[in-house]
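FYI, side chains are in, hydrogens and waters are out, and symmetry mates aren't considered; it's all heavy atoms of this structure. Chain identifiers are assigned alphabetically (A, B, ...) following the order of the sequence lines, protein sequences preceding nucleic acid strands; residue numbering begins at 1 within each chain.
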There are 2 protein chains.
Amino acid sequence: MANAKQGTGEIEVEIEKLYCLNPASPNLPFWPNQPQLPNEEVRLRYRYLDLRRQELQDNIRLRSLTAATVRQHLVSNGFVEIETPMLFKSTPEGAREFIVPTRKKGAFYALPQSPQQHKQMLMAAGFDRYFQIARCFRDEDLRADRQPEFTQIDLEMSFVTPKDIQHIIEGMVTSIWDKALGVKLTKDSFPHMTYAEAMTNYGSDKPDVRFDMKISEIGSSFADVVGDNALDCMVIKQGTSLSGKELKAMQKTLDIENEKGFAFVKINENNIDAWPAKCGGTLRQSTQIATSVPGLNKDLGIEQGDLVIVHTRPRYLYGGNTLMGRVRLHAASLMQEKGLLKLDKEKFKFLWVESFPLFTPDEQGIRTWQSTHHPFTAPFNEDIALLSTEPAKVRGQHYDLVLNGMEIGGGSIRIHSPVMQTYIFEKVLQLEKHEYSRFDHLIDALGGGCPPHGGIALGFDRLMAILCDAPSIRDVIAFPKAAGGKDFVVNSPSEVTTGQLEEYGLRLAE
Amino acid sequence: MANAKQGTGEIEVEIEKLYCLNPASPNLPFWPNQPQLPNEEVRLRYRYLDLRRQELQDNIRLRSLTAATVRQHLVSNGFVEIETPMLFKSTPEGAREFIVPTRKKGAFYALPQSPQQHKQMLMAAGFDRYFQIARCFRDEDLRADRQPEFTQIDLEMSFVTPKDIQHIIEGMVTSIWDKALGVKLTKDSFPHMTYAEAMTNYGSDKPDVRFDMKISEIGSSFADVVGDNALDCMVIKQGTSLSGKELKAMQKTLDIENEKGFAFVKINENNIDAWPAKCGGTLRQSTQIATSVPGLNKDLGIEQGDLVIVHTRPRYLYGGNTLMGRVRLHAASLMQEKGLLKLDKEKFKFLWVESFPLFTPDEQGIRTWQSTHHPFTAPFNEDIALLSTEPAKVRGQHYDLVLNGMEIGGGSIRIHSPVMQTYIFEKVLQLEKHEYSRFDHLIDALGGGCPPHGGIALGFDRLMAILCDAPSIRDVIAFPKAAGGKDFVVNSPSEVTTGQLEEYGLRLAE
């Protein structure tokens, strides 16, 4: 009797003989199909059982399909897949990479954080379209959803503009979304935004544009109290529904309880014409309230029932986000929970963010500037003259691919001139000779008539987590590490013998 | 004027404007197109220049094409590509893998020598057709043509016989040879041979069958002096052309100058009927010469002008080759140089070698047996009963793919029963509990109802060297290490700072 309701309902098997090839232990730690699964540590320990769950089966199989789609797209566009070394060189300044001792005492390899240097050398070598799905490593504290080893889709091209590279990636992503999800993306699915726009309007260099709730810079309306600073203003429609408790909790989570210049006001019939007077901080002292508010209310669409949030900040923007940008994400999530904010009907909102500042004030405060991304990024041609005069204003030919507020890839046109590369090391980044001499081979390679080139890398694990709608990248990796880098399957990292250490000329420190 | 003789002779470019995007230094260490190239160290140091040579360009591009062909074949046969961890676990008994310190003092990862354990766990997890083009590592002394990191085509299947796996590989290799070389292989291109046949007839477990020159075991013809031993005999047609000096040099190279039981005789009109009498050793004392020689001359086709070589050896064969096997290869190369030995007109002679003994006498002499390949190989079903009585006679379900006398791949059906796996660890290999407990996760995985499974791994670098007809695997790797594991491009391995070592809880030994 055919039963169309069952997946295999049209097939009937008559069993003549049945025997068991390999019995399963009756004492398995859990059954992959049991409704209540044990905690993640147990599931990671018995990963080979957990992987039998349909969800993980589907994820890992989709990962394979996606890798095949990536390769198919790139190969058909003339790319050559080239394997670069895993046993690379330690860079003492970095100190975040894994080192690998050798039996020559005191001599170490290191595992690569990316194939960056090798792919640039491949451009110098005349492989004008390189790609690799590359394993990379970083020895970081494994907060959040990070892995000590991860995979990236890495490519590099010669004689290109950012547009050429973006075109390749858009085609690739379109192909992936089609094959994996049946979602048809178009040329219009990939709008562009400058870093300045992203930071000013969304308070983030990877804005989530699935919802509007833009930030407006309104400093000129209250110039008498704001002065040279900027004033960010964000209107949350129907935001009065956020309780005082929720707003307090938000400030605590974002660690902005004592932030001067941060204030909000719930708009009602009484304050709508003079709401800055009800704000904390200096804003209420402005003499421009009466003249500015009507225009602002009109421009920003401020109505009764809205919540208006303001924050005074320095005008110069750098880094990944502003305070208002963080507030925007947090508040949006609260409003979504209340059903008062709807995301765009398009589930996937891509965005190219570009025109980043090439340099950012040095975090450690030792030097003036550090590279916003890495020191190989080329400046805008029209900004080259500013390198020696106003480095802060030099824009880099860097571009990030952002999806739903997450950075899924980043790349740049690289510096191809050994003279400019050395100038940036020496004069802008103020590195000592011994600090940048570890890039001698790269500068040498550029000096061999290396063509202009650029590339990009996409985080494959993150991309797969999005495609699989998985809460963690651990759900798209066959054998992931747990927090702290622990591998519960094989119980690693683990001790080695004194004999092994001796072979490598090492001893454990006391 | 079109010029068909030139590659681009049909195209004429009219230059309107010419400018240089990036000048090459006039002091390059060498020009990739100069006729006399500098030594390999210089070329490895400036690999990005050397890679511009057409030969290396072709090799690396063919490698990419071949990887794509491999993937295409496997994916279309239902295989799923799955990445397994690079940060694996140290196995103190092995001591040949690279260890990777972590910031938890005394705790180490290790880089994997192969994905063997993970791919077996994937079978337990229900991924019935897995593959990966996997980077692997071994910390060996880099004699000959070896790399500390290398790439293998790795696959595993559930519910299969050796034939199923061989069928997949034959299809894959046929597809590669077609795409890369335009060579059409057929089903007949992959004959089979048992280990016993290979060792007896060719003195090697990876026989080069591009030429005949077989070895014959003729002990029974001289049983009175050979006794329980075997007597290998090889006839080199026209071998009298090998000079005494050449034969002496051969013995020196093979380190068999003092080998008892090794002897040779040049056949001439005077000795053809009693040549064993002219041999060294005990053979000349045989009373069977007169009765045996006429038949041998007929069976082995011995004629005047031939060289006959004999060697008395123990009857029990194990390991990779016999003395006569090494002599066969050396002599064949001499005869080829003289134009007296022609290789088969088919340039590529593949061979499946199978029915290996599952165990081999322990090299270190500590225990009785070691696994011939690895401890996960399943015995022949019909030999299971011999495990407890005569381990020497147990054949393993292992198979090597041999090409032109080189092993290019090896695999096996694995043990899927945790009981049998434990029995072999404990009873046959006589390992202590703490020695095999490092495989607990694997035994656990088998115990979860793991399907019967098997697989194979092919050395990708070696395969590419053959396809590219390259003298060294360094010629098919973009950035290879030099002898001793040195990377001349980035000057690695190199020192790390005391600070880095401290982070990893390590000190250099005094």
Side chain from CB out, backbone as N, CA, C, O: work out which of these in Phe460(A) comes under 4.5 Å of a heavy atom of chain B, or both, or neither.
side chain

Does any non-hydrogen side-chain atom of Met86(A) lie less than 4.5 Å from one of Phe137(B)?
yes

Choice from Leu506(A), Leu87(A), Val489(A) maximising heavy atom contacts with chain B below 4.5 Å
Leu87(A)

Is a side-chain donor or acceptor of Asn22(B) paired with a backbone partner of Cys450(A) at a separation under 3.5 angstrom?
yes

So if I take each residue of residues 64-78 of chain B and look for any heavy atom under 4.5 Å from a heavy atom in chain A, which residues do I end up with?
Ser64(B), Arg71(B)

List the steps and the verdict of side chain to side chain contact (heavy atoms under 4.5 Å, CB included) for Lys481(A) and Tyr109(B).
CA-CA 12 Å; Lys481(A) 303 284 189 284; Tyr109(B) 296 115; 3.6 Å; yes

Neighbours of chain A found in residues 117-132 of chain B - heavy atoms under 4.5 Å
His118(B), Met121(B), Leu122(B), Ala124(B), Ala125(B), Gly126(B), Phe127(B), Asp128(B), Gln132(B)

Looking at CD of Glu149(A) and CD of Glu83(B), how far apart are the two atoms once the value is rounded to the nearest 0.5 Å?
9.0 Å

If the contact rule is any heavy atom under 4.5 Å from chain B, which residues of residues 98-106 of chain A qualify, in numerical order?
Phe98(A), Ile99(A), Val100(A), Pro101(A), Thr102(A), Arg103(A), Lys105(A), Gly106(A)

Sub-3.5 Å donor-acceptor pair from the side chain of Asp487(B) to the main-chain atoms of Phe88(A), do we have one?
no

Could you have a look at Glu502(B), Arg45(B), Glu510(B), Arg61(B) and say which one has the most heavy-atom pairs with chain A under 4.5 angstrom?
Arg61(B)

State, with a plain yes or no, whether a side-chain heavy atom of Leu442(A) is found less than 4.5 Å away from one of Tyr48(B).
no

Given Ile82(A), Ile60(A), Leu28(A), the one with more heavy-atom pairs under 4.5 angstrom with chain B than any other is Ile60(A)

May I ask you to name which of Pro493(A), Pro452(A), Ala478(A), Ser25(A) has the most heavy-atom pairs under 4.5 Å with chain B?
Pro493(A)

Answer with side chain, backbone, both or neither: which region of Asp440(A) has an atom nearer than 4.5 Å to a non-hydrogen atom of chain B?
neither

Is the backbone of Ser494(A) close enough, under 3.5 Å, to the side chain of Lys89(B) for a donor and an acceptor to pair up by distance?
no

Using non-hydrogen atoms and a limit below 4.5 Å, what part of residues 49-56 of chain A faces chain B?
Leu51(A), Arg52(A), Leu56(A)

Which region of Ile477(B), side chain (C-beta onward) or backbone (N, CA, C, O), has a non-hydrogen atom less than 4.5 Å from a non-hydrogen atom of chain A, or is it both or neither?
neither

Heavy-atom proximity to chain B below 4.5 Å, by part of Asn491(A)
both

Would you compute the distance between atom OG of Ser492(A) and atom NE2 of His441(B) and round it to the nearest 0.5 angstrom?
10.0 Å

